[in-house]
Amino acid sequence: MQGCVFCRIVNREIPADVVYEDDHILAFRDINPVAPVHILLIPKKHIPTLFDLGEGDVQVLGQLHKAAVQVARDQGLEERGFRLVTNCLEGGGQVVPHVHYHLLAGRNLKWPPG
Ligand code: 5GP
Ligand code: ZN
């Protein structure tokens, strides 16, 4: 979608540190990391929020989780683990209106996050 920063990353119109890519998913390092490992996973298709997921989009979330596990393995997190979170709309802290999951690791992540 024109004007969407993550679509522009998918289309290579703006640079990103890509760590994983397949036909449906792109993963790249967050520009403003809040943990030593902070990687964003997105469906290549523009879906603004989880509320916009259609029946046909359900599969892409499974693909995204599979990609997250692959990325976590590649980052050497199999022993220590990681956090995978998504924010939905303003109340959930979503700033970029293109569905994305944050993969966080490398420091002690408190719970609840606050
Ligand atoms: P949200 O708050 O929407 O869940 O998270 C959006 C995330 O996207 C933020 O952590 C922010 O740092 C990241 N971000 C925003 N613009 C860019 C960008 O142009 N490149 C990269 N790599 N990350 C971005
Ligand atoms: Zn988009």
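Residues: numbered from 1 along the sequence shown. We count ligands from 1, going down the list as the structure has it; atoms in each ligand are counted the same way. Basis for what follows: all heavy atoms, side chains included, without hydrogens, waters or symmetry-related copies.
Ion pairing between Glu21 and Arg12 holds under the 4.0 Å rule for side-chain N and carboxylate O.
Looking at His98 and the Zn ion (ligand 2) together, the shortest N, O or S contact belongs to ND1. Within His46, the N, O or S atom lying nearest to the Zn ion (ligand 2) carries the name ND1.
Note: His100 and His98 fail the aromatic proximity criterion, with ring centroids not under 6.0 Å apart. The ring of Tyr101 has its center closer than 6.0 angstrom to the ring center of His65.
Counting non-hydrogen atoms of neighbouring residues, nucleotides and ligands closer than 6.0 angstrom, the CD atom of Glu90 reaches no more than 12 such neighbours.
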Residues 106-114, side-chain donor-acceptor partners within the protein, below 3.5 Å, at least two apart:
{"from": "Arg107", "atom 1": "NE", "to": "Val34", "atom 2": "O", "distance (Å)": "3.0"}
{"from": "Arg107", "atom 1": "NH2", "to": "Val34", "atom 2": "O", "distance (Å)": "2.8"}
{"from": "Lys110", "atom 1": "NZ", "to": "Pro113", "atom 2": "O", "distance (Å)": "2.9"}

May I have a table of the N/O to N/O pairs between ligand 1 and the protein that fall below 3.5 Å, each row giving the two atom names and the distance to 0.1 Å?
{"from": "ligand 1", "atom 1": "2 (O)", "to": "Gly93", "atom 2": "O", "distance (Å)": "2.7"}
{"from": "ligand 1", "atom 1": "2 (O)", "to": "Val95", "atom 2": "N", "distance (Å)": "3.4"}
{"from": "ligand 1", "atom 1": "3 (O)", "to": "Val95", "atom 2": "N", "distance (Å)": "2.6"}
{"from": "ligand 1", "atom 1": "3 (O)", "to": "Val96", "atom 2": "N", "distance (Å)": "2.9"}
{"from": "ligand 1", "atom 1": "3 (O)", "to": "His100", "atom 2": "NE2", "distance (Å)": "2.9"}
{"from": "ligand 1", "atom 1": "4 (O)", "to": "Asn87", "atom 2": "ND2", "distance (Å)": "2.8"}
{"from": "ligand 1", "atom 1": "4 (O)", "to": "His100", "atom 2": "NE2", "distance (Å)": "2.7"}
{"from": "ligand 1", "atom 1": "4 (O)", "to": "His102", "atom 2": "NE2", "distance (Å)": "2.8"}
{"from": "ligand 1", "atom 1": "5 (O)", "to": "His100", "atom 2": "NE2", "distance (Å)": "3.1"}
{"from": "ligand 1", "atom 1": "5 (O)", "to": "His102", "atom 2": "NE2", "distance (Å)": "3.3"}
{"from": "ligand 1", "atom 1": "10 (O)", "to": "Asp30", "atom 2": "OD1", "distance (Å)": "3.2"}
{"from": "ligand 1", "atom 1": "10 (O)", "to": "Asp30", "atom 2": "OD2", "distance (Å)": "2.5"}
{"from": "ligand 1", "atom 1": "12 (O)", "to": "Asp30", "atom 2": "OD1", "distance (Å)": "2.5"}
{"from": "ligand 1", "atom 1": "22 (N)", "to": "Arg29", "atom 2": "O", "distance (Å)": "2.9"}
{"from": "ligand 1", "atom 1": "22 (N)", "to": "Ile31", "atom 2": "N", "distance (Å)": "3.3"}
{"from": "ligand 1", "atom 1": "23 (N)", "to": "Ile31", "atom 2": "N", "distance (Å)": "3.3"}

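The Zn ion (ligand 2) lies at the vertex of an angle of 120° between the SG atom of Cys4 and the SG atom of Cys7 (rounded to 10°).
Using modelled atom types, one side-chain atom of Lys44 and one backbone atom of Asp22 make a donor-acceptor pair closer than 3.5 Å.
Across Leu50 and Cys88, no two heavy atoms sit closer than the pair N-SG, 4.1 Å.
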